Student: 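Okay, handing you the structure first.
Quick caveat, the model's predicted, so the values are computed rather than measured. Chain letters run A, B, ... following the sequence lines, proteins first and then strands; every chain starts at 1.
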There are 4 protein chains.
Amino acid sequence: MAIADRKRRERQARMQLILNAGARVFARYGYHRASMDLIAEEAELGKATLYYYYKNKDDLLLGILTEGIKDFFHHLELSLQTNKDPIEQLKLTIRESMLFFERHPDYFKLYMYLNVHPAFRKKIYRLMHPLLTQKIGMIKQIFQEGQAQGRIKDIPTEHLQAIFGSLVMGMGIFSTGKMTHEQLEERARYLEQVFFTGIVKE
Amino acid sequence: MAIADRKRRERQARMQLILNAGARVFARYGYHRASMDLIAEEAELGKATLYYYYKNKDDLLLGILTEGIKDFFHHLELSLQTNKDPIEQLKLTIRESMLFFERHPDYFKLYMYLNVHPAFRKKIYRLMHPLLTQKIGMIKQIFQEGQAQGRIKDIPTEHLQAIFGSLVMGMGIFSTGKMTHEQLEERARYLEQVFFTGIVKE
Amino acid sequence: MAIADRKRRERQARMQLILNAGARVFARYGYHRASMDLIAEEAELGKATLYYYYKNKDDLLLGILTEGIKDFFHHLELSLQTNKDPIEQLKLTIRESMLFFERHPDYFKLYMYLNVHPAFRKKIYRLMHPLLTQKIGMIKQIFQEGQAQGRIKDIPTEHLQAIFGSLVMGMGIFSTGKMTHEQLEERARYLEQVFFTGIVKE
Amino acid sequence: MAIADRKRRERQARMQLILNAGARVFARYGYHRASMDLIAEEAELGKATLYYYYKNKDDLLLGILTEGIKDFFHHLELSLQTNKDPIEQLKLTIRESMLFFERHPDYFKLYMYLNVHPAFRKKIYRLMHPLLTQKIGMIKQIFQEGQAQGRIKDIPTEHLQAIFGSLVMGMGIFSTGKMTHEQLEERARYLEQVFFTGIVKE
DNA sequence: GATGAATGAGCTTTCATTCAT
DNA sequence: CATGAATGAAAGCTCATTCAT
């Protein structure tokens with residue numbers, strides 16, 4: 001079955017090629033101005049070829065988004081395995097989030113763009129929430145573990161999560177890709193400091 | 001000059017009417033699916049009339065956004081005059097932000113939609129940054145005052161502001177308009193607690 | 001309200017103009033090869049203008065078909081008022097049908113084309129059957145009247161109608177628009193003869 | 001030459017397989033929505049394989065139509081050999097036609113679809129008329145024989161044929177495949193009665 | 001022989017914008 | 001002032017056909 005294998009690999013490679021081209025074009029022009037023509041040109045493929053691999057424009061975009069989310073959680077999970085202390089794990093989560101925004105400033109934009117777009121909200125939630133909720137549960141457990149150890153204040157976890165999420169996602173809004181890695185690291189440190197001990201002296 | 005005055009007032013009223021109709025339609029359909037036809041219909045005006053008051057679709061949209069920002073800062077300034085303590089003023093800012101999201105869940109969506117949209121970013125910054133920087137400077141002063149009083153940690157203000165901004169804007173991402181006013185208040189209290197004293201015990 | 005009246009008349013005229021252009025193009029190229037571009041060109045209008053008056057291609061086609069049916073029954077009803085004898089009325093129906101095929105060889109083609117096209121069948125039936133059944137009932141009454149007078153054989157009316165309909169519609173299949181009016185008249189006479197007294201001697 | 005024979009038989013079988021799949025898909029979706037992809041899938045063959053056996057889509061369709069016509073005349077000829085009386089032969093023709101519509105409701109649809117389709121008309125006539133005229137001549141002879149025997153009225157045969165054809169084809173228009181065999185038989189009997197002796201009493 | 005992959009050409013539809021009245 | 005009517009330009013998508021393997 002060597003042939004079938006090669007075929008499958010080639011198919012995967014093509015899809016990845018299209019995904020990357022798509023990501024670039026979507027990021028550059030935004031969803032609506034990113035025409036399939038432009039993506040095809042960027043991928044150096046015929047337009048119809050895109051449709052051979054992806055059912056339609058939305059499908060392609062969802063492929064890109066899913067890919068990004070998977071990438072993020074993949075890195076995060078690897079990272080979380082290096083340290084089991086809940087406080088440290090939250091720091092790692094912040095760090096990984098910001099690194100992700102650095103690596104893929106575009107993915108966040110697209111996610112927001114669509115999350116905000118009424119017509120897509122439903123579709124996105126349907127397709128990505130299964131993925132998200134599973135992973136988010138992971139973070140919930142970290143908070144619970146921290147509270148169980150008596151090291152994190154007894155704030156209801158749904159609020160904790162929403163606040164943590166806002167903070168992390170909120171950073172994405174301002175991530176223009178114009179910061180150096182050092183500036184990012186510095187901001188991440190301050191962010192940790194604020195989140196863990198607040199801004200008020202004493 | 002009574003006639004000219006009335007004319008101006010009527011013109012203002014018409015523009016406001018269009019602005020409101022536009023806001024509703026943009027929020028309901030997103031920028032691209034919100035056609036000028038739909039907005040005209042919602043405003044109960046002829047389509048060409050929109051063009052009489054606004055140069056083009058983008059111009060109308062920017063009108064809506066500017067209007068929202070103004071509304072926000074108007075409320076915020078009123079609020080900040082009631083208490084001169086910097087910590088309290090930050091709390092008021094958080095409170096007002098969340099109230100704004102409650103009042104206008106749509107404005108935030110639109111802002112994100114466009115902030116994320118490469119083609120608009122420049123235009124938005126050009127038109128709204130004068131407005132924004134002035135007002136944001138106000139918040140910077142609050143942080144500086146707090147640090148001068150020795151009550152806020154000596155975190156560089158640009159980071160403080162970015163973190164504060166992220167937190168506040170981040171809440172907007174999750175403001176679906178589905179929360180009750182009480183839930184919102186509760187979340188705001190926890191948010192203050194976290195921002196001022198952190199999540200870590202002791 | 002003279003202005004509103006004129007507007008309405010102009011609108012009607014435009015729609016008629018498009019309808020006629022559409023009918024010509026549909027007839028010349030068939031439904032699928034008749035592109036909206038071609039129709040627009042034939043109507044000497046911008047393509048988007050067609051969409052200003054008709055929701056979509058199907059809508060335009062249905063307009064054409066409905067128009068044809070109405071035209072047919074309009075002539076038929078006028079004709080039937082000239083003679084109340086059932087046998088004569090059937091003859092008039094045959095005559096009018098064939099004249100209709102002569103006047104509009106295209107309408108029949110289109111009707112068949114779509115009637116035969118699975119995707120349209122439902123839509124056509126939904127939109128045109130109300131119109132058709134009402135009119136067909138008229139013909140049923142003629143048969144019943146003829147039977148009541150003891151001049152038409154007691155064949156169940158549903159079969160009578162189906163046979164009569166087949167015969168009439170069947171003529172449409174062969175109406176290529178290549179016959180002269182005289183040939184048509186001649187064929188109509190023979191058709192009546194066959195339908196009323198059969199082909200068998202004695 | 002056994003090998004060549006087997007090859008030819010296998011080729012025939014493959015072509016038949018494709019023809020059947022095509023007929024099903026064409027009938028289900030109509031000509032234009034019946035894509036080669038769908039037909040290939042229905043035939044459980046690769047799409048390119050279809051092109052190995054048929055030059056193009058039209059060629060395949062003509063294959064299907066020709067096949068149907070052949071099938072019809074094959075049955076008809078067998079039937080006509082059982083009785084040499086012209087009147088009876090006409091009855092047999094009606095009977096066989098209706099049975100054909102019952103067996104292959106799809107073939108008629110396709111035939112009409114294309115007969116009506118200007119682009120195909122020429123091609124169809126060129127390819128199928130040789131077949132048709134030969135067979136239609138057969139029916140002409142029956143009428144002439146009937147007239148020679150003094151049993152059929154002296155209506156010019158071209159009109160007789162057109163009327164007979166209209167009647168028979170017209171039944172096809174209404175053959176939705178929803179009638180039971182019994183209802184069909186009943187209608188056939190009434191049809192004969194009308195065609196031979198008319199609907200008028202006395 | 002058989003086929004998956006690729007694509008050019010073409011289609012319907014949408015919509016911001018203009019303009020004559 | 002107000003607007004209905006008109007449209008150019010562009011987008012998403014489909015599909016018959018070809019070709020390298």
Side-chain angles (χ1 to χ4, degrees), chain A residues 3-4 6-8 10-11 14 18 31-40 43-60, chain B residues 7 10-11 14 31-40 43-61, chain C residues 3-4 6-8 10-11 14 18 31-40 43-60, chain D residues 7 10-11 14 31-40 43-61:
Chain A
I3 289 174
R6 181 174 53 82
K7 291 256 176 187
R8 202 172 329 121
E10 280 176 6
R11 186 177 175 82
R14 263 285 191 269
I18 293 171
Y31 178 72
H32 279 100
R33 308 221 178 191
S35 70
M36 292 302 267
D37 282 87
L38 279 172
I39 296 172
E44 298 182 328
L45 289 171
K47 182 169 41 161
T49 308
L50 304 189
Y51 285 91
Y52 188 75
Y53 289 96
Y54 291 93
K55 203 162 92 266
N56 52 35
K57 198 181 172 186
D58 291 4
D59 198 38
L60 171 54
Chain B
K7 290 256 178 184
E10 281 178 6
R11 186 176 173 82
R14 265 279 196 271
Y31 178 70
H32 278 97
R33 308 223 175 187
S35 67
M36 293 301 267
D37 283 86
L38 279 171
I39 296 171
E44 297 182 330
L45 288 171
K47 184 165 41 159
T49 309
L50 304 189
Y51 284 88
Y52 189 77
Y53 289 96
Y54 291 93
K55 199 163 95 265
N56 53 33
K57 197 182 174 187
D58 293 1
D59 198 39
L60 170 55
L61 182 54
Chain C
I3 289 175
R6 183 175 51 83
K7 291 258 176 184
R8 202 171 330 119
E10 280 177 6
R11 185 177 175 83
R14 264 283 191 270
I18 293 171
Y31 178 72
H32 279 99
R33 306 222 180 191
S35 69
M36 292 301 267
D37 281 270
L38 279 171
I39 296 171
E44 298 181 328
L45 288 172
K47 184 169 34 161
T49 308
L50 304 189
Y51 285 92
Y52 189 74
Y53 289 96
Y54 292 93
K55 205 163 88 264
N56 51 35
K57 198 181 172 185
D58 292 3
D59 198 39
L60 171 55
Chain D
K7 290 256 178 185
E10 282 178 5
R11 185 175 174 83
R14 265 278 197 271
Y31 177 70
H32 277 97
R33 306 223 176 187
S35 67
M36 293 300 267
D37 283 85
L38 280 171
I39 296 171
E44 298 182 330
L45 288 172
K47 183 166 40 161
T49 308
L50 303 190
Y51 284 89
Y52 189 77
Y53 290 96
Y54 290 93
K55 200 163 95 264
N56 53 34
K57 197 182 173 186
D58 292 1
D59 197 40
L60 170 55
L61 181 56

Student: Kindly give the heavy-atom pair with the smallest separation between D:Met36 and D:Leu50, and that separation in Å.
Tutor: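 Heavy atoms of D:Met36 and D:Leu50 come nearest at O-CD1, 3.7 Å.
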
Student: Strictly below 4.0 Å, heavy-atom distances to any atom of DNA chain F: list the hits from residues 45-55 of chain D, or just say none.
Tutor: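 Here the set is D:Lys47, D:Ala48, D:Tyr51.
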
Student: Does atom CZ of B:Arg33 have more than 12 heavy-atom neighbours from other groups under 6.0 Å away?
Tutor: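 Open: at most 12 neighbouring heavy atoms sit under 6.0 Å from CZ of B:Arg33.
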
Student: Find the distance D:Glu44:CD to E:dG4:P and express it as a whole number of Å.
Tutor: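 Atom CD in D:Glu44 sits about 13 Å away from atom P in E:dG4.
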
Student: Considering every strand and a 4.0 Å limit on heavy-atom distances, what is the contact class for C:Asn56: base, sugar-phosphate, or nothing?
Tutor: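 Here C:Asn56 touches the backbone only, sparing every base.
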
Student: Contact class for D:Arg11 (heavy atom, under 4.0 Å): base, sugar-phosphate, or nothing?
Tutor: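 D:Arg11: no heavy atom of the nucleic acid under 4.0 Å.
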
Student: Could you tell me how far apart D:Asp37 (CG) and F:dT14 (C1') are, to the nearest whole angstrom?
Tutor: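 Whole-Å distance recorded here is 10 Å.
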
Student: What is the pairing partner of E:dT21, taking Watson-Crick or G-U wobble pairs with both distances under 3.5 Å in any strand?
Tutor: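 Base partner found: F:dA2.
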
Student: Provide, to the nearest angstrom, the distance between the CD atom belonging to C:Glu10 and the C1' atom belonging to F:dT3.
Tutor: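 For the pair C:Glu10 CD and F:dT3 C1', the rounded distance is 14 Å.
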
Student: Assign B:Ala34 to base, sugar-phosphate, or nothing according to its heavy-atom contacts below 4.0 angstrom with the strands shown.
Tutor: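 Sugar-phosphate contact only - B:Ala34 comes under 4.0 Å of backbone atoms but never of a base.
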
Student: Expressed in angstrom and rounded to an integer, what is the separation of C:Leu60 atom CG from E:dC11 atom P?
Tutor: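 Going from C:Leu60 (CG) to E:dC11 (P), I get 16 Å.
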
Student: Could you work out which one of F:dC13, E:dT17, E:dT12 sits closest to the side chain of C:Lys57?
Tutor: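 Shortest atom-to-atom distance from the side chain points to E:dT12.
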
Student: How far apart are the closest heavy atoms of B:Asp59 and B:Asn56, and which atoms are they?
Tutor: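 Taking every non-hydrogen atom into account, N-OD1, 2.9 Å.
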
Student: What's the spacing between B:Arg14 CZ and B:Leu45 CG if we round to 0.5 Å?
Tutor: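 Atom-to-atom, B:Arg14:CZ and B:Leu45:CG are 5.0 Å apart.
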
Student: Write down the distance between CZ (C:Arg8) and P (F:dG4), rounded to a whole number of angstrom.
Tutor: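 Distance, rounded to whole Å: 15 Å.
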
Student: Can you tell me how far CD of A:Glu44 sits from CD1 of A:Ile18, rounded to the nearest 0.5 angstrom?
Tutor: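 Between atom CD1 of A:Ile18 and atom CD of A:Glu44 there are 12.5 Å.
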
Student: How about C:Asp58 and C:Tyr31: does a side-chain donor come under 3.5 Å of a side-chain acceptor?
Tutor: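 Checked: C:Asp58/C:Tyr31 side chains pair up, N/O donor to acceptor below 3.5 Å.
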
Student: What is the distance from CG of B:Leu38 to P of E:dT14, rounded to the nearest Å?
Tutor: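 Spelled out: CG on B:Leu38 to P on E:dT14 is 12 Å.
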
Student: D:His32 has an atom NE2; how far is it from atom C1' of F:dC13, in whole Å?
Tutor: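 Rounded to the whole Å, the gap is 16 Å.
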
Student: Can you measure A:Arg14 atom CZ to E:dA6 atom C1' for me and round it to whole angstrom units?
Tutor: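 Rounding to the nearest Å, CZ of A:Arg14 and C1' of E:dA6 are 8 Å apart.
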
Student: For C:Arg6, is there an ion pair with C:Glu10 - N to carboxylate O distance below 4.0 angstrom?
Tutor: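 C:Arg6 and C:Glu10: salt-bridged.
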
Student: Taking OP1 and OP2 of F:dA11, is either one under 4.0 Å from a side-chain nitrogen or oxygen of A:Arg33?
Tutor: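 No, no such contact exists.
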
Student: Mapping C:Asp58 and B:Met36 onto DNA chain E by nearest heavy atom, which one lands closer to the 5' end?
Tutor: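 Counting from the 5' end, the first nearest nucleotide belongs to C:Asp58.
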
